[in-house]
Colleague: 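Before we start, here is the structure in question, set down as structure tokens.
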Amino acid sequence: MKPNPLEKQLLDAFEKLEVIDAHEHLPPEPVRTGQKVDVFTLFCHYTAVDLGSAGMGQQAMSQLHNAELPLEYRWRLFAPYLEAIRYGSYARPAFIAAREFYGVDDINEKTYQPLSQKMQAANTPGIYQRILRDKCRIRTALTQCQRTDYDLDLLVPLMPLDHYAAPRTWEGIQRTAAPLEQRVNTLDDYLALLAVGVARWKSEGVVGIKMVSHPSGAPDRAEALSCFESLRAGREKQLPERNPLRDFLTEEMLEVAADQDLTVAVHAGMWGDFRAMAAEHMIPIVPRHPRTRFDLYHMGMPETRDAGLIGKNFPNVWLNMCWSHVISQKMATSALDEWLDLVPVNKLIAFGGDYNKPVEKVYGALVMAREDIARVLAGRIADGQMTESEAAALAKKWFFDNPRELYRLKV
Ligand SMILES: [Zn+2]
């Protein structure tokens, strides 16, 4: 964006802030440095959705990310679709990364080869430190890759609730129990397993558990028991994806999270049939667990008003803008402006890039988050509703203090 003078002053202040990056899927650094990277690394992940939407077929897409194929061949597949997606919010962090880290002003026919060479040359140990700490000023990034082998300083993990809440077969139950050396014969054995498993995660540095906002039934122990027993007796080989055992175990996990003082992160909105992941599905669940802290992700896009009202009405729900800035800057900005009317400012979290392999794009996403927040707060200053120093204090809360407190981070 072209900032006006007030926005520019705020942006200058925001660039000095330390950041808690409240959601990524970054693997440990050796996973990244152990892979070949090139220009198309900047166009994996979310931009792949836009490439597909623009008409790029599945086969071309998989060729694009096959580093064994010549770069030139892959560029010819890619170039027409780049023109279709380049103005979208998903694509912008790739262009910001090319410019800021590799000195390449545009990604095009002339630059894709030198950009790829520079990216590979920089793909060395320390790349996370250089990008996340030195460039982004990220103190800690919360990350989710279904693993806990992180340094717990720069990267701190969350683990998936469904690991324990969604068993569908008797073999699956035994597989889940095996690493914890637990015997599971009864539903109560399985509930004991949940408690042991979550405590183990916590001892490994996990600070939260991630779930998805799905439609579900009210938890019913008798129905859950009947599902469990039908698996144990072999009357049923595999439960359907949604089932009463899952509904029951999900809500048991929410209590275990509270017992362990872990935050429950909730994916809401976006992807495919986003209606099946809408924030509103949390409305009956949240008040059943007043001790549990919920961190509602992605502004619930596109249902940002539903998410805002959930954050307003329930003391134990926080609202996290992770991923939102790169979904649509305009939607994120207008929703945040409405949320300022609605939601206490201690409930808001500004940023999470939500990236895995292209760690460079975390920086682009952060630039966009700063822009969105500067735009909204500058509007409030211009309206005479707050001073510039109050706006800067709010940004510090949203980028750092609120996520640190919500996740009990020791930084
Ligand atoms: Zn995510």
Side-chain angles (χ1 to χ4, degrees), residues 19-28 31-32 41-50 89-94 128 131-132 136 138 140-148 150 154-163 165-166 201 206-214 257 262-274 276-279 281-282 293-304 307 317-329 331-332 335 348-366 368-369 399 403 406-407 409:
V19 173
I20 302 292
D21 177 343
H23 178 43
E24 299 291 348
H25 294 279
L26 296 167
V31 174
R32 159 70 197 234
T41 306
L42 297 177
F43 292 94
C44 63
H45 215 159
Y46 301 121
T47 36
V49 176
D50 282 358
S89 292
Y90 268 171
R92 198 171 158 222
Y128 277 14
I131 290 177
L132 300 174
C136 297
I138 289 171
T140 291
L142 305 182
T143 190
Q144 297 174 19
C145 276
Q146 305 192 25
R147 57 198 290 174
T148 59
Y150 289 97
L154 179 57
L155 294 170
V156 171
L158 278 74
M159 289 294 275
L161 180 135
D162 281 352
H163 179 79
W201 281 347
V206 168
V207 296
I209 296 175
K210 165 83 168 291
M211 67 179 288
V212 177
S213 178
H214 281 311
L262 298 174
T263 301
V264 175
V266 184
H267 173 100
M270 291 301 291
W271 292 132
D273 185 352
F274 49 83
M277 291 177 274
H281 303 309
M282 294 305 291
R293 301 187 303 278
F294 294 92
D295 183 15
L296 195 63
Y297 276 8
H298 317 316
M299 306 185 89
M301 285 183 171
E303 307 299 345
T304 58
V317 178
W318 280 251
L319 298 175
N320 190 330
M321 302 182 77
C322 61
W323 192 21
S324 310
H325 306 283
V326 304
I327 295 170
S328 162
Q329 286 198 269
M331 202 193 304
L348 302 184
I349 292 172
F351 174 69
D354 217 343
Y355 287 112
N356 51 36
K357 191 176 176 188
V359 62
E360 296 93 333
K361 294 173 77 173
V362 173
Y363 177 70
L366 177 60
M368 292 161 75
F399 277 109
L406 175 58
Y407 285 90
L409 302 177

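Position 1 is the first residue of the sequence, and the numbers go up from there. This one's a predicted model, so the numbers in the text were calculated from it and none came from an experiment. Each ligand, and each atom within it, is numbered from 1 in the order the structure gives.
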Colleague: For the Zn ion (ligand 1), which protein N/O/S atoms are closer than 2.8 Å?
Modeller: His23 NE2, His25 NE2, Asp354 OD1
Colleague: Would you please classify the geometry between the His298 ring and the Trp323 ring as parallel, tilted or perpendicular, with 30° and 60° separating the classes?
Modeller: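 Rings of Trp323 and His298: perpendicular, over 60°.
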Colleague: Grab the two heavy atoms, one from Leu26 and one from Asn356, that are nearest each other, plus how far apart they are.
Modeller: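 Of all heavy-atom pairs spanning Leu26 and Asn356, the closest is CD2-O, 3.1 Å.
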Colleague: If we only count heavy atoms from C-beta on, is the Leu406 to Asn320 side-chain gap below 4.5 Å?
Modeller: no
Colleague: Can a donor-acceptor pair be found between the side chains of Asp354 and Tyr297 at a distance below 3.5 Å?
Modeller: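 Result is no, nothing qualifies.
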Colleague: Under the criterion side chain to side chain contact (heavy atoms under 4.5 Å, CB included), which of Thr140, Leu158, Val156 is the partner of Tyr407?
Modeller: Leu158
Colleague: How close do His325 and Met368 get, heavy atom to heavy atom, and via which atoms?
Modeller: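 Scanning both residues completely, I find the closest heavy atoms to be O-CE, 3.4 Å.
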